[in-house]
Structures are given as C-alpha cells and as structure tokens.
Amino acid sequence: MTKPSAAARSGGWLAHARESDWPETTTERSEVIVAPTAENEKQLIESLRTGLFIDGAWRDSSNGKTFDVEDPATAKVLTTVADATPEDGQAALTAAHAAQKSWGATAPRERAEILRRAFETVTARADDFALLMTLEMGKPLAEARGEVTYGAEFLRWFSEEAARISGRYAIAPDGKARLMVHKRPVGPSLFITPWNFPLAMATRKIAPAIAAGCTMVVKPATMTPLTTLLFASVLEEVGLPAGVLNVIPTTTAGKVTGPLIKDERLRKLSFTGSTEVGRSLLRDAADQVLRTSMELGGNAPFLVFEDADLDSAVDGAMLAKMRNMGEACTAANRFIVHESVADEFTSRLAERMGSLTVKRGTEQDAEVGPLIDNGSREKVQELVDDAVSKGAKVHTGGQPHDGAGYFYPPTVLGGVTRGARILDEEVFGPVAPVATFTDEDEAVAMANDTEFGLVAYAYTRDVNRTLRLADTMESGMLGINVGVVSNPAAPFGGVKQSGLGREGGFEGIEEFLETKYVGLSDPFSDQQKA
Ligand code: NAP
C-alpha cells in the first residue's frame, strides 16, 4: 500500500496503486493508476537536487555548465542538471579514495542498517521514484512502480548479505599448515549505468558495493540522471557517510571516466550498457588490470515448442517483449516457434500486442510509453523495413506514430527469414519478429547463433527437453515457461559477448570482494620441537 506520507508528497495521485511484483507489472494490471497532474509533476521536478554529489555535498560543475533532461513523451525539457568535467571526475574519485579506509572498516551491521533504511525510504517514496522514472524515461507508471519494487529489493537483499560475508579456515592436506581465507572490499569503484532502468541499474551496483564496504563514483546515463540523483539524496538522508557515494552526471562520458579508469586509485569498474561501449571500456581497463563487471547487450531467443501451452506462451511473450517497451537487455528479441504452432502463436500475439494502449506513461490507461529518443525509433523502423524487404509480413504496427514524443506501435512480424538484421541485432523496441523451426536441434542452433548470451526463454511441457535446454542453451540465464527471470536473489548476467560477472544473488556481493589467503604455520610445531 502507498504510505500516507508519500501520497501526501506526491499529491495523492497514486492513492490506489498497489505494490506489484515485478513480473506482474507489464500486462496484467489490476491496479488503478491515478494520473498525476501537471502540478504534481512540477512539484516533484522542482524538489530535486540537480547538482553533482561529491564528498557528501551538492555542487555545480567546475565550469558551471548544465545539460537538459527531456521527457521522451513530449520532447520537452524537464529540468537541467550539472554537467561534470574531468576535474569533477577527479574530485569524485579523490573523495571515494579518501573515504575508502574508514568505510571499509565499518561494522558490516552498520552498512546493513544503512541499506535497510534506504530500502524503507525508497519504498515509502515509491510514488516519487515511479513518477520521476516515467517522466525521464517514458515507461508507464505501473511499470515504473514495478521497477521501484525491484530496484528497492536489491537494497533489502544486500542489507541481508552485508552481515554474511565470511571466509574459511582449513587444515592443509599434509596436515601441517593452516589455510585462512577471508574477504576484503575491492576498493573505490566506478559505475557507469544505462537509461533503461534508471533505479534498478543503480541499486544493483550501489547496494552490493555498500554491503561489501566499497566507496564509489557513479556516472548515470545522460538521458536519465534524475532518478540516480534522487536516490543519492535518499542515501544522504539515511546516513551514508560523505565520500562513499559520489554521483557525476556528464555529457562527456569518455573524457570524464577515461582518466578515472586509468587512475591507480580506482580498483573496480562495473558497467551496464551496450556491448560496443563495454568492449572499449574493457580495453581501457586492461592498462591497470582493473577488476571489471560487464552487463552488456542481449539478443534473447524465445522458443515455443510444439508441446507448449500456447495461452501461457503468449502471456510470457507479452512480458518478455513488452516490458519497458522492449527496451530491456532481457527483452525477447527473436521468437523462434515450431512450424506447427507458428501461425496460431503469431496471430494471438498480434491481437494482444495490437490492442495495447500507447500513450504518455503518466496517463491513466497507458500500457506502452514512448521510446527513449528519435534515434532509437529510427533504428527500430530500419530493422522493421529491412525484415519486410526480405519477406516478413506485418501482422500489427510497423509504422511510427505522428505527433510529439518518440512513440512506436507494438509490432508483430511473421515469417521473418534468416539474414534479416532484426534476428541478429538488439531491437530495443516493441517489435516481435517470428521465425520458425522444425525440430529441437534446429531451434537450439538458431537460438545460439548469436555473439550474445544473456538470457533465453523456452515454452515446453517436456521435462527432459527442459533439462536438455539447461545444458545446451548458450546463455547466462534461461527462463522455462516464464517471461521474466530477473530477481534480486538470483545471479543476473550473461555469457559470450553479453558480459562478465553477475549482479544480485549470493554472487552479486562477490564482485566487490577480494579473496585474501593467509598461510599459517602448523600450530603443533612448537610442541613437536619441545
Ligand atoms: P550505452 O550507450 O552503452 O551507454 C551506457 C552508459 O555508458 C551510459 O551512461 C553512457 O553515457 C555511457 N557511455 C557511453 N559511451 C561511453 C564511453 N565512451 N565511456 C564511458 N561511458 C560511456 O548503452 P545505453 O544505450 O545507455 O543502454 C542500452 C544498452 O544497455 C543495451 O545494449 C542493453 O542491452 C544494455 N543493457 C544491459 C543490461 C544488462 O544487465 N546486461 C541491462 C540494461 C541495459 P551517456 O548516457 O552519456 O551516453
């Protein structure tokens, strides 16, 4: 339930919203979202801190410059944000480095309690976070509420993990030496985050870093810095010491973060974004053999076998495709459907996708918001046109909306043939291309025929097939008869060119811990000498 204080702060416009589970947020909406007024939006935007957050203080950029943040539904400017320079980047790393020693020495319980208070504050202010994400990123309010729940869960999960960091003590195999293994914080870390999940992509890195005792510098995406800034003010409010978190929005990402990656005070780089940028950051990180976590692009196959429950396959497809308007690294990018059920699956999916309401995400019945910018929309159209020129049939959608904002209609393409770019490239939009297969070997070969390997989905009722797929699919994650796999308690991440490392689960905190081994002499050696 919405807490009274939060409802009062945001004018009560979400009074009927319910806390929804992440997987339920896209298509099955039973909650009634009350649209915020223009005054609610204005109040929220005016209440934000829009400076750089360095060493516990809010400040202007060193050259006084700012940049605009736009609402993708209207193409109008929401507000302006301080634009960090390379000098500001240095100041942020200096603050993180100075705070590391004392922060790394805090009691795990103290770090856990800061995270717990942050979880409670973000949850209490869910209305504000949801509206802000809708305004700067475009997703419908109900989905933004889902992201607040999901993003806040990383704070709760890692508050619980902070106190469970442990090591081991063992007797060496020859019975003589003793082996002690313990964990230490990696040290000052740099986080570079994308625009598509403004809260969750930040908390998925910040929460385990806090739990492990690392300090950090965060560079949020230029298109969506506001949510990270609001989250920084929450961490300030709940008592995170100065210098532990530093936030530096900038329009010159490479110039500001490049020198930090080469600076020996930095010990870890965690990036979420495109494979192209990830590759170039990995090259830079090689110079000082920096520890890296890379959450990169995807090209998720969604397999529908002949024995699938088609009702649930279509439900799952709606989630896997339409969550976040398709702007998710986990979005189903290619539907690979057995030829015996392909026509029925395609027409049912087209009917469901064609009936979704495309509107500004703040409006009451909005189910699909705008894409992030015009460049993204043009890329989506290019991929659709290419597939059609190679023989695909448009079942619904296929042409952009007129008017303000970067809207694109939910689109289903049938009979997509190999060679169409849409089967190889990340669509990042509400377009579902359907291709067919004849047997399991072909389906798996098609699914694995990509340099990416983040997630795959499969619908089948055959238990042995499920177990075979768990072995044969080349992906870090596999969803069986589900359209969403993300869960703060599970390790999120990819294989192949989808990345390195894992976020969430028991694995998530390990990314921020060094393993230290201490060799000890035989404690009985004195007695043996005597
Ligand atoms: P992007 O263009 O790679 O940008 C991601 C972040 O990197 C942004 O903060 C961006 O800053 C920054 N950046 C860009 N060039 C840089 C450079 N040379 N040096 C340092 N930083 C740089 O990706 P995006 O368009 O924001 O996000 C979409 C991509 O993210 C998709 O490929 C998606 O699959 C992937 N993604 C992956 C996951 C995952 O967990 N695997 C999750 C979400 C998204 P600016 O904003 O200033 O450009």
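Indexing begins at 1, ligand by ligand and atom by atom, following the structure's order.
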Region of [X] that comes within reach of ligand 1 [heavy atoms, distance under 4.0 Å]:
| X | answer |
| --- | --- |
| Leu296 | backbone |
| Glu426 | side chain |
| Thr193 | backbone |
| Glu503 | neither |
| Phe492 | side chain |

Practice task
For side chain to side chain donor-acceptor pair (under 3.5 Å), just list the numbers for Lys205 and Thr193, CA-CA rounded to whole Å, side-chain angles, deciding distance to a tenth of an Å, and then say yes or no.
Solution key: CA-CA 9 Å; Lys205 298 183 192 303; Thr193 56; over 6 Å; no
Has [X] got any heavy atom lying under 4.0 angstrom from an atom of ligand 1?
| X | answer |
| --- | --- |
| Arg204 | yes |
| Phe271 | yes |
| Leu281 | yes |

Exercise for the section: Go through ligand 1 atom by atom and flag the ones less than 4.0 Å from a non-hydrogen atom of Leu454. Expected result: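 It comes down to these atoms of ligand 1: 41 (N).
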Handout entry: Those atoms of ligand 1 less than 4.0 Å from some heavy atom in Gly254
Key =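 Going through ligand 1 atom by atom, the ones under 4.0 Å from Gly254 are 19 (N).
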Atom [atom1] of [X]: over 12 foreign heavy atoms under 6.0 Å:
| X | atom1 | answer |
| --- | --- | --- |
| Arg377 | CZ | yes |
| Lys65 | NZ | no |
| Lys255 | NZ | no |

Shortest heavy-atom approach to [atom] - which of [options]:
| atom | options | value |
| --- | --- | --- |
| atom 28 (C) of ligand 1 | Phe428, Phe67, Phe191, Phe197 | Phe428 |
| atom 20 (C) of ligand 1 | Val218, Thr257, Thr228 | Thr257 |
| atom 48 (O) of ligand 1 | Val277, Val256, Ile372, Thr222 | Thr222 |

Practice task
Please answer whether the main-chain N or O of Cys214 pairs with a side-chain N or O of Lys268 as donor and acceptor at a distance below 3.5 Å.
Solution key: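 Answer holds: no.
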Problem - Cation-aromatic face contact Arg334/Phe302, 6.0 Å, 45 degrees - result: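 Judged by the rule, Arg334 and Phe302 form no cation-pi pair.
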Handout entry: Contact bool for atom 45 (P) of ligand 1 (protein heavy atom, d < 4.0 Å)
Key =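 Protein heavy atoms within 4.0 Å of atom 45 (P) of ligand 1 - there is at least one.
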Practice task
Could you tell me if the ring centre of Trp195 sits under 6.0 Å from that of Phe428?
Solution key: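 Trp195 vs Phe428: aromatic centres under 6.0 Å.
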